[in-house]
Amino acid sequence: MIKTTTVKVGEQPTGDPMEVPVIHIQGQGNGPRVYIQANIHGAEVQGNAVIYQLLEFFRQHPPQGDVLMVPQANPLGINQKSGEFTLGRFDPVTGINWNRQYHFDSALLEPFSQEYLNSDEALIRNAFREKLREQLNERQSSPWGLTCGQHLAINLQRMAMEADIVLDLHTGPISARHLYVPEYARERARHFNIPLNILIPSDFDGAMDEASFSPWWQLSQQFARLGRKLPVMVDAFTIELGSQELLDVNAAERDALGICNYLQHQGMWLDKPFICDPVALYACALSDYKAYHSPAGGQVEYLAQLNQPLSAGEPLATLWHFNTLGSESCLSRELRLPCDSIPVLHFASASVQQGTELYKVLTNTFML
């Protein structure tokens, strides 16, 4: 059964509720509970097309577990326009990234682990989820109130925290498809069939994927310090689906297929209806995912191709200084990297200030 409702995530200045659509798919059996959201950043619309394709797949192949999908998860960001561009990456009031406002306080880990050290896994799972709910309730009831972005994040997080699998759909500026992978889930990450992968630690820095997996990963580490092995009970990934300000419903079918391929390996279907053509999967540690910043201001000609290996010393970009036209000053400057890399994304504009993040690249890569 599929039904659509709305969830209030804040209030507008008029006093009217700010709501997001929520698609509920009732599972046919005992599969994992899944939460998928898209478009928390206003310009990152491709995730909505992937949710559309996923819904078609779920209609054709009813899943075993319950699924919640939230397209257009941030009404404020989506409507934050300046001319032809969508600016909705940061809350315009506070300047904070919309995807850095989720909540987790690790202070609960030590006392919880001591209390439930000898309990069975089902009891631990249920009790820890209840602790996380209490944290969110306490945060939302703060006598000092919350910002608009925090209200949005808390209400989305309430839905995500009930899931066993959380997928947050994003895009980059001008970007190749890539995946943020918790180190503990690297084997399962292969099933998404995404060519570029960044392995991330268990730290929490306010993002949705971290808010979903980090508490459980840190809980597992805390139990290990006390001498008990406990599995990480939640998977969460940030999936980067290409470039922002771009919608391609047909291309979204490929990424929806990869998501379904991952889900079927997690027990979402009794049979295996989804098959992906394998691709080469490259990865690096988060510490080796490097940003290259422009050494000067000017206009940039981006040369390096995304998702293609770039040898050390090969041209990355050309920085042009058209303000020197007609003079004997140097008109252009080739930019190069000191090591082998695979470019993942680059800045969307050709006009840059000194210090602009031009490219992000994988370095010290290996096969996933």
Side-chain angles (χ1 to χ4, degrees), residues 1-9 19-40 44-74 102 125-126 129 132-133 136 153 155-170 179-182 185 188-189 191-194 207-209 211-213 216 232-241 249 252-276:
M1 182 179 71
I2 300 174
K3 67 176 182 178
T4 300
T5 61
T6 59
V7 169
K8 180 181 175 182
V9 293
E19 297 178 328
V20 298
V22 180
I23 302 166
H24 304 250
I25 303 171
Q26 183 174 331
Q28 308 297 303
N30 295 314
R33 293 174 294 180
V34 177
Y35 175 85
I36 303 172
Q37 76 174 30
N39 213 175
I40 191 66
E44 300 182 10
V45 299
Q46 182 66 5
N48 300 315
V50 171
I51 286 180
Y52 163 77
Q53 295 287 12
L54 286 170
L55 187 57
E56 294 302 302
F57 286 155
F58 288 137
R59 285 194 175 108
Q60 297 168 27
H61 305 280
Q64 290 293 300
D66 294 343
V67 181
L68 246 61
M69 297 194 293
V70 183
Q72 297 189 309
N74 182 358
Y102 301 97
R125 179 185 293 109
N126 292 335
R129 269 209 173 93
L132 296 176
R133 291 188 198 102
L136 294 186
N155 284 297
L156 294 172
Q157 192 176 351
R158 284 185 191 281
M159 295 185 283
M161 66 174 296
E162 302 298 333
D164 306 304
I165 296 168
V166 175
L167 306 178
D168 194 13
L169 308 183
H170 286 257
L179 181 69
Y180 286 92
V181 180
R188 296 189 290 280
H191 301 307
F192 287 104
N193 216 37
I194 293 178
M208 170 59 88
D209 61 345
S212 301
F213 74 71
W216 298 91
V232 182
M233 297 179 180
V234 170
D235 269 4
F237 301 88
T238 291
I239 305 177
E240 301 278 355
L241 301 164
V249 175
E253 184 175 2
R254 170 200 58 199
D255 292 306
L257 180 62
I259 289 171
C260 288
N261 187 56
Y262 162 80
L263 291 177
Q264 73 184 357
H265 281 86
Q266 298 301 104
M268 187 56 91
W269 290 275
L270 297 179
D271 55 354
K272 294 193 178 298
F274 301 102
I275 300 175
C276 292

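Just so you know, these numbers use all the heavy atoms, side chains as well, and skip hydrogens, waters and symmetry mates.
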What's the spacing between [X] [atom1] and [Y] [atom2] if we round to 0.5 Å?
{"X": "Leu54", "Y": "Leu263", "atom1": "CG", "atom2": "CG", "answer": "8.0 Å"}
{"X": "Arg254", "Y": "Ile259", "atom1": "CZ", "atom2": "CD1", "answer": "11.0 Å"}
{"X": "Met69", "Y": "Leu169", "atom1": "CE", "atom2": "CG", "answer": "10.0 Å"}
{"X": "Ile23", "Y": "Tyr52", "atom1": "CD1", "atom2": "OH", "answer": "12.0 Å"}
{"X": "Asp209", "Y": "Thr238", "atom1": "CG", "atom2": "OG1", "answer": "3.0 Å"}
{"X": "Arg59", "Y": "Ile2", "atom1": "CZ", "atom2": "CD1", "answer": "5.0 Å"}

Looking only at non-hydrogen atoms, find the nearest pair between [X] and [Y] and report the distance.
{"X": "Met268", "Y": "Pro32", "result": "CE-O, 3.4 Å"}
{"X": "Ala38", "Y": "Gly47", "result": "CB-C, 3.5 Å"}
{"X": "Arg188", "Y": "Tyr262", "result": "O-CD1, 3.7 Å"}
{"X": "Ala189", "Y": "Val181", "result": "CB-CG1, 3.5 Å"}
{"X": "Tyr102", "Y": "Ala211", "result": "CB-CB, 3.7 Å"}
{"X": "Phe57", "Y": "Cys260", "result": "CD1-SG, 3.6 Å"}

Treating [X] as the side-chain partner and [Y] as the backbone partner, does any N or O pair qualify as donor plus acceptor under 3.5 Å?
{"X": "Gln53", "Y": "Val249", "answer": "yes"}
{"X": "Arg133", "Y": "Glu162", "answer": "no"}
{"X": "Asn261", "Y": "Cys276", "answer": "no"}
{"X": "Arg129", "Y": "Met161", "answer": "yes"}
{"X": "Gln64", "Y": "Pro62", "answer": "no"}
{"X": "Asp255", "Y": "Ala252", "answer": "no"}
{"X": "Asp66", "Y": "Gly27", "answer": "yes"}

### Pair Arg33 + Asp164, salt bridge at N-O below 4.0 Å
yes

Sub-4.5 Å side-chain heavy-atom contact between [X] and [Y]:
{"X": "Tyr35", "Y": "Val67", "answer": "no"}
{"X": "Glu19", "Y": "Val7", "answer": "no"}
{"X": "Pro63", "Y": "Ile25", "answer": "yes"}
{"X": "Lys8", "Y": "Asn155", "answer": "no"}
{"X": "Gln72", "Y": "Asn48", "answer": "yes"}
{"X": "Met208", "Y": "Ile40", "answer": "no"}
{"X": "Asn74", "Y": "Asn39", "answer": "no"}

Under a 3.5 Å threshold, yes or no: a donor from one side chain and an acceptor from the other, between His170 and Glu44? yes

**Side-chain donor-acceptor pair present, Thr4, His24, cut-off under 3.5 Å** =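 The criterion, which ignores hydrogens and geometry beyond distance, is not satisfied for His24 and Thr4.
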
Look at the aromatic rings of Phe192 and Phe237 and report parallel, tilted or perpendicular, splitting at 30° and 60°. perpendicular

Checklist line | Test side-chain contact (heavy atoms from CB on, under 4.5 Å) applied to Leu241 and Val50, step by step | finding: CA-CA 9 Å; Leu241 301 164; Val50 171; 3.8 Å; yes

* NZ (Lys272) with more than 12 external heavy atoms under 6.0 Å ->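 More than 12 heavy atoms, drawn from other residues, nucleotides or ligands, come within 6.0 Å of this atom.
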
* Asked: So with a 6.0 Å cut-off around CG of Asp271, is the heavy-atom count from everything else above 12?
  ->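 Enclosed.
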
Checklist line | Residue pair Phe274, His61: steps toward the ring-ring contact (aromatic ring centres under 6.0 Å, His included) verdict | finding: CA-CA 10 Å; Phe274 301 102; His61 305 280; 5.1 Å; yes

